[in-house]
Each structure stands twice: as structure tokens, then as C-alpha cells.
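Below is one structure, written out as C-alpha cells; the observations come after it.
Nothing fancy with the numbering, it's 1 onward along the sequence.
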Amino acid sequence: MSGTIINLIIQLIAGAIGGNAVGAAAKNVNLGTAGNTVAGAVGGVAGGSLLTSLIPMLQGATGGMDLGALAGQVVGGGVSGAIVSAIVGMVLNNMKSA
């Protein structure tokens, strides 16, 4: 399997986990399980891809699996998924109350 596809899958999963984590931690930005998962996954892919472009070391070794690159993808995807999920939750919840 291509390294790019593996990175995208890792970013999707880590972003979804990050989105659900921020939804569970902060009830005022919670979008529900499905909303947190979708917003987190989109944020994980977007942020992880941006981070990979800025830090080429996160693309991993060309010949195999690099644990440092995998850890960077997990952290980058999870954090960016949490951030995007929190932003979407704040915007949607402020729109509901207005």
C-alpha cells in the first residue's frame, strides 16, 4: 500500500479520535458522536496533510515504516482534528443560540 494512503488513513482515524475527545471534554463544543467524528476526520486529514507539506520528515522513509513519522502523523492528525471539531462546535452552537 502506498505511503500516502497509509498517512491519510492514520490522519483520518487520529482526527476522528481527537474530535471525539474534544467533544467529550468540552460539552459546549460537542456536536454529537457523528458530528465530532466527521469534523475531526476532516480536520485530521487537512491538518495532517498541511503538516506533512511543512515538515517533509513526516512523510516517512521511502522503503518502509518509520515509527517517528507514524507518531507525527497520529499527533498531527489528532490535534488538528480536535481543533477543527472545537471550532465547528463553537460556530454551530453560537449560531443556535443567536
Side-chain angles (χ1 to χ4, degrees):
M1 200 182 299
S2 171
T4 304
I5 294 174
I6 292 172
N7 287 345
L8 287 175
I9 292 170
I10 291 169
Q11 293 164 358
L12 273 170
I13 294 170
I17 292 170
N20 282 304
V22 79
K27 298 298 180 191
N28 59 335
V29 297
N30 192 3
L31 300 168
T33 304
N36 290 334
T37 301
V38 170
V42 169
V45 169
S49 297
L50 177 67
L51 196 61
T52 301
S53 323
L54 295 174
I55 306 171
M57 183 176 37
L58 291 179
Q59 291 175 356
T62 56
M65 302 296 276
D66 182 14
L67 291 179
L70 288 175
Q73 294 294 335
V74 169
V75 170
V79 169
S80 60
I83 290 170
V84 169
S85 184
I87 290 171
V88 170
M90 283 191 297
V91 169
L92 288 179
N93 289 335
N94 284 336
M95 287 175 55
K96 287 180 187 175
S97 64

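The distance from atom CG of Leu31 to atom OG1 of Thr37, rounded to the nearest 0.5 Å, is 10.0 Å. Atom-to-atom distance recorded for Asn94:CG and Asn28:CG is 9.0 Å, nearest 0.5 angstrom. Atom CG of residue Asn20 and atom CG of residue Asn30 lie 8.5 Å apart, to the nearest 0.5 angstrom. Expressed to the nearest 0.5 Å, how far CG of Leu8 lies from CD of Gln73 amounts to 8.5 Å.
Val75 and Ile10 are not part of a single hydrophobic cluster, where members link through side-chain heavy atoms under 4.5 Å apart. Under the 4.5 Å side-chain heavy-atom criterion for grouping Ile, Leu, Val, Met, Phe, Trp and Tyr, Val74 is connected to Leu67 within one hydrophobic cluster. Transitive grouping of hydrophobic side chains (ILVMFWY, heavy atoms separated by less than 4.5 Å) keeps Val42 and Ile9 in distinct clusters.
Annotation for Ser80 and Gly44: closest pair OG-CA, 3.5 Å, computed over non-hydrogen atoms. The minimum heavy-atom distance linking Val45 with Gln11 is given by the pair O-OE1, 3.7 Å. Summarising the geometry of Val29 relative to Val22, their closest heavy-atom pair is CG2-O, 4.1 Å, with the distance given to 0.1 Å. Considering all non-hydrogen atoms of both residues, Asn36 and Gly23 come closest at ND2-CA, 3.6 Å. Residue Leu51 comes nearest to Gly76 through the heavy atom pair CD2-CA, 3.7 Å, listed as atom of the first residue, atom of the second, then distance.
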Residues Ile17, Ile13; criterion side chain to side chain contact (heavy atoms under 4.5 Å, CB included); working and verdict: CA-CA 6 Å; Ile17 292 170; Ile13 294 170; 3.9 Å; yes
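Side-chain atoms of Ser49 never come within 3.5 Å of backbone atoms of Ala46 as a donor-acceptor pair (strictly under, hydrogens ignored). Ser85 places no side-chain N or O within donor-acceptor distance of the main-chain N or O of Gly81, the cut-off being under 3.5 Å.
Between Ile87 and Ile83 the shortest side-chain heavy-atom distance falls below 4.5 Å.
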